[in-house]
Amino acid sequence: MKIPHSFYLSADVVSVSKSLLGKYLFTCINGLITGGYIVETEAYNGVIDRASHAFGNRKTSRTQTMFMEGGIAYIYLCYGIHEMLNVVTSVEGQPHAVLIRAIEPVTGIDIMQARRNMERVQPNITAGPGSLAKALGITRNLNGISLQSDALWIEDRGLSFTDEQIAAVPRIGVAYAGQDALLKYRFYVKDNRYVSKPNK
DNA sequence: GTTATGATCTCCT
DNA sequence: GGAGATCATAACG
């Protein structure tokens with residue numbers, strides 16, 4: 001059921017980002033399984049992408065996870081508050097990653113609701129990378145974990161979308177990246193309630 | 001050692 | 001529509 005390791009070794013992070021739409025993402029934290037299918041992603045295209053932490057081949061203790069072989073998770077803290085989940089792709093030495101921005105919840109919705117302190121289930125329970133990580137119980141101690149593990153993994157259950165159902169637009173929150181901020185590296189399923197709203 | 005800032009979200013007006 | 005939260009990271013001295 002888990003997507004094979006070879007899937008993540010593709011050199012084309014943009015097409016992997018697109019392919020991940022409709023795939024099922026799960027976590028098992030403290031024995032609690034939560035997950036759903038991915039409806040929004042963004043591609044971070046290695047050393048030539050100004051929006052990427054690894055731009056210019058910048059190797060630091062934080063970014064070393066991105067330089068490892070694909071098929072693992074890159075998780076980091078942003079704005080001092082939010083954990084972000086990325087899927088590392090391509091071969092060792094190529095710091096490509098896909099930011100998972102939103103899922104449509106399927107499994108363990110009550111658990112996600114409790115983690116988010118929400119009285120009612122609303123679409124924004126898993127819309128946006130920070131919310132998504134919180135709902136799934138993802139923290140930095142999962143940084144570098146294999147996607148073949150039993151704590152964090154992605155499955156293919158046969159769901160997929162056509163090009164007409166997928167929108168490609170510029171990424172969110174990367175205005176500092178100059179020209180690269182214009183690249184259409186954000187992909188989402190049109191008309192899905194769980195896609196994050198652009199914050200402005 | 002110090003400082004500026006961010007792949008964001010929530011609450012307030 | 002806008003500001004505050006809150007801290008690891010990276011660049012600089």
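Proteins get letters first, then strands, A, B, ... in listed order; numbering begins at 1 in each.
A:Tyr176 places a side-chain N or O within donor-acceptor distance of the main-chain N or O of A:Ala51, the cut-off being under 3.5 Å. Checked by atom type and distance alone, the side chain of A:Lys2 pairs as donor or acceptor with a backbone atom of A:Ser149 at under 3.5 Å.
Protein atom NZ of A:Lys134 is 17 Å distant from nucleotide atom P of B:dT8, rounded to whole Å. Atoms CG (A:Leu132) and P (B:dA7) sit 17 Å apart, rounded to a whole Å. Between A:Leu85 atom CG and B:dC9 atom P the separation is 13 Å, expressed in whole Å. Counting to the nearest Å, the C1' atom of B:dT8 and the CD1 atom of A:Ile138 are 15 Å from each other. Straight-line distance from the CD atom of A:Glu119 to the P atom of B:dC11: 11 Å, rounded to whole Å. In this structure, A:Phe55 atom CZ and B:dG6 atom P are separated by 15 Å, rounded to whole Å. Note: CZ (A:Arg101) to P (B:dA7) measures 11 Å, nearest angstrom. Note: CD1 (A:Ile100) to C1' (B:dT8) measures 17 Å, nearest angstrom.
A donor and an acceptor atom, one from each side chain of A:Glu104 and A:Tyr37, are located under 3.5 Å apart. No side-chain donor-acceptor contact under 3.5 Å links A:His53 and A:Tyr44.
Annotation: of the two residues near DNA chain B, A:Arg116 and A:Tyr176, the 5′-most nearest-nucleotide partner is A:Tyr176.
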Sequence-aligned protein contact record of nucleotides 6-13 of chain C, with B where the base is within under 4.0 Å of a protein heavy atom and S where only the sugar-phosphate is: BBSSSS--
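Between A:Arg186 and A:Glu40 there is a salt bridge, since a side-chain N of the basic residue sits under 4.0 Å from a carboxylate O of the acidic one. Ion pairing between A:Lys134 and A:Glu83 fails under the 4.0 Å rule for side-chain N and carboxylate O. Salt bridge A:Arg171/A:Asp180: absent, no basic N to carboxylate O contact under 4.0 Å. One finds no salt bridge joining A:Asp110 and A:Arg115 here, because no Lys/Arg side-chain nitrogen approaches an Asp/Glu carboxylate oxygen to under 4.0 Å.
Here the shortest heavy-atom pairing between A:Trp153 and A:Thr27 reads CZ3-C, 4.2 Å.
Using a 5.5 Å limit on the distance between ring centres and a 30° limit on the angle between planes, the aromatic ring of A:Tyr44 counts as stacked on the six-membered base ring of B:dA7.
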Strand DNA chain B as a dot-bracket string - pairs counted if Watson-Crick or G-U with both distances under 3.5 Å, | where the partner lies in another strand: ||||||.|||||.
